[in-house]
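Inspection log for the structure reproduced underneath, given as structure tokens.
Sequence lines set the chain letters: A, B, ... in the order given, protein chains first and strands last, and positions in each chain run from 1. Values below: every heavy atom of this structure, side chains too, minus hydrogens, waters and symmetry copies.
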Amino acid sequence: MYSFEIESPTSVADAVAALGKEEAQALGGGQTLIPSLKARLAAPSVLVSLKNIDEIKGVSVDGGTITIGGGTTHATVAAEVGGAYPALADLAVNIGDPAVRNRGTIGGSLANNDPSACYPAAALASGATIVTNTREIAADDYFEGMFTTALEEGEIVTAVRFPVPEAAAYIKFEQPASRFALVGVFVAKYADGVRVAVTGASEDGVFRWSEAETALTSKFSADALDGLSLSGDGMISDLHGSGDYRAHLIAVLTKRAVKAAA
Amino acid sequence: MTKVTMTVNGKAVSKEVSGNTLMTEFLRDELHLTGTHVGCDTSQCGACVIHVDGKSVKACTMFAAEAEGASVATIEGMANADGSLSVIQQAFQDHHGLQCGFCTPGMVMTAAALLKENPKPSEHEVRDYLEGNICRCTGYHNIVKAILAASGQDVSGIAAE
Ligand SMILES: Cc1cc2nc3c(=O)[nH]c(=O)nc-3n(C[C@H](O)[C@H](O)[C@H](O)COP(=O)(O)OP(=O)(O)OC[C@H]3O[C@@H](n4cnc5c(N)ncnc54)[C@H](O)[C@@H]3O)c2cc1C
Ligand code: FES
Ligand code: FES
């Protein structure tokens, strides 16, 4: 690793100020950033650890909305949202392993927007709102392709607001070595329609499968998806699976998600 | 360099560290606690699992500076006060839960975290919880058996494979 200093502010305001320094970068749980620092893929001069900022941690439920602080660990989400939004708790409890879940955070996952990460699928399928220190961003406007988001330099994800669906499920086809999703599909049914978000598959990162959404909005049943398929063009192709294989998995997993949710 | 202060296995320690000093480096090179192993250094294998404020974490994927003020437990603190093996360690010995022993510190620390959360786990729950701990020798069977035995459950019916 290159050398850097670590600062640990206790408020969002202090963290924003610290991030204003040249080559400063936020440190969430470090579960993605530390491996990339080891590989010298990043060379910050200062890491601003968010872990002592209590105001961005924790889960609260208010009517039909769950608000999760950006610094909340996967383990806390798994333990605390189960009553209000079981599919989201189920997603969190299947990220990595217990030690990763004890440190990795939802804000870090959404800021990183790994094309195979789980939370982007939940946020997009739920029509969540990503709250930062300066503004609120709708999930539909937030994800801008692999490892790219609408976040500006130094902007901190302080919270994520999820509208609670009537029914939902996330099905992850696990890539057994990395434990990320080879393909993951999140289906969420709301009063005004069904949303389907797919991770792990597209070269453009997480996306909504609109044909499936239309079919499922008129009939929320796995057989509504009969005959629907996606092309393998533009899908990730690597040693774990071809683009065609991933496209096929999306259709299979979407049906499974609908069955699990219904 | 910044000064960090924490308790490690109940003892207060204070040292100067660089920002990029990993917890594994701090424990092994500064405190000479070499029981915390480094298998992969990429957060895959779990040989480096320690407890920070009671929660299992991979010490290779955490900076020492992040443990400021924390209570840290490593494998060196697992034995009973009189030096005899703890229940989990004894169960690993009794049920042949280790061969080369490289993964064992991480396995024991992960097992301790599991049994604190879930004192009577099922075999499935044990296997699931060990997802981030890799063993190249045992085939896991006897590790799972040792952890079930340490939880006080009868493992006589579980055949050694
Ligand atoms: C073995 C292993 C298995 C994993 N399996 C999965 C999996 O199955 N599914 C999955 O989704 N993920 C998986 N992950 C990734 C894990 O979820 C990470 O925790 C997550 O992607 C990053 O969160 P973090 O808090 O650790 O962020 P960090 O690693 O600290 O940071 C990642 C990036 O986000 C930025 N950042 C961090 N927090 C914020 C914030 N609040 N606001 C703005 N920017 C921020 C950082 O500057 C950095 O660029 C796995 C990781 C490991 C090591
Ligand atoms: S050395 Fe930390 S997980 Fe392998
Ligand atoms: S006993 Fe050798 S790696 Fe597990």
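Counting only heavy atoms from C-beta outward, the side chains of B:N20 and A:S3 approach each other to under 4.5 Å. Looking at B:T61 and A:Q31, their side chains come closer than 4.5 Å, going by heavy atoms from C-beta outward. Side chains of A:D97 and B:N133 form no contact here, defined as non-hydrogen atoms less than 4.5 Å apart.
Put simply, the side chain of B:E66 never gets that close to the backbone of A:S49: no donor and acceptor are under 3.5 Å apart. A donor-acceptor pair is defined here as one N or O able to donate and one able to accept, closer than 3.5 Å; such a pair exists between the side chain of A:R179 and the backbone of B:Q44. A donor-acceptor distance shorter than 3.5 angstrom exists from the side chain of A:K38 to the backbone of B:D41, with no hydrogens or angles considered.
With respect to chain A, the highest number of heavy-atom pairs below 4.5 Å among B:T110, B:L130, B:L22 belongs to B:L22. With respect to chain B, the highest number of heavy-atom pairs below 4.5 Å among A:P35, A:P98, A:S8 belongs to A:P98. When each of A:N102, A:L47, A:V100 is scored by its heavy-atom pairs under 4.5 Å with chain B, the top score falls to A:N102.
Only the side chain of A:L37 has a heavy atom closer than 4.5 Å to any heavy atom of chain B. For A:A177, the part lying near chain B is the backbone, with the side chain staying farther off; criterion is any non-hydrogen pair under 4.5 Å. Within the 4.5 angstrom heavy-atom criterion, only side-chain atoms of B:I134, from C-beta onward, approach chain A. Using a 4.5 Å cut-off between heavy atoms, A:V46 makes no contact with chain B at all. For B:L114, no part sits under 4.5 Å from any heavy atom of chain A, backbone or side chain.
Between B:G19 and A:I6, the shortest heavy-atom contact is O-CD1, 3.3 Å.
Below 4.5 Å, heavy atoms of chain B meet heavy atoms from A:L27, A:G28, A:G29, all part of residues 9-29 of chain A.
Remark: B:M62 CE to A:K51 NZ distance equals 6.5 Å, nearest 0.5 Å.
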Carefully, step by step, assess A:R101 and B:K55 under the rule side chain to side chain contact (heavy atoms under 4.5 Å, CB included).
CA-CA 10 Å; A:R101 295 194 289 273; B:K55 300 219 162 93; over 6 Å; no
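Counting non-hydrogen atoms of neighbouring residues, nucleotides and ligands closer than 6.0 angstrom, the NZ atom of B:K120 exceeds 12 such neighbours.
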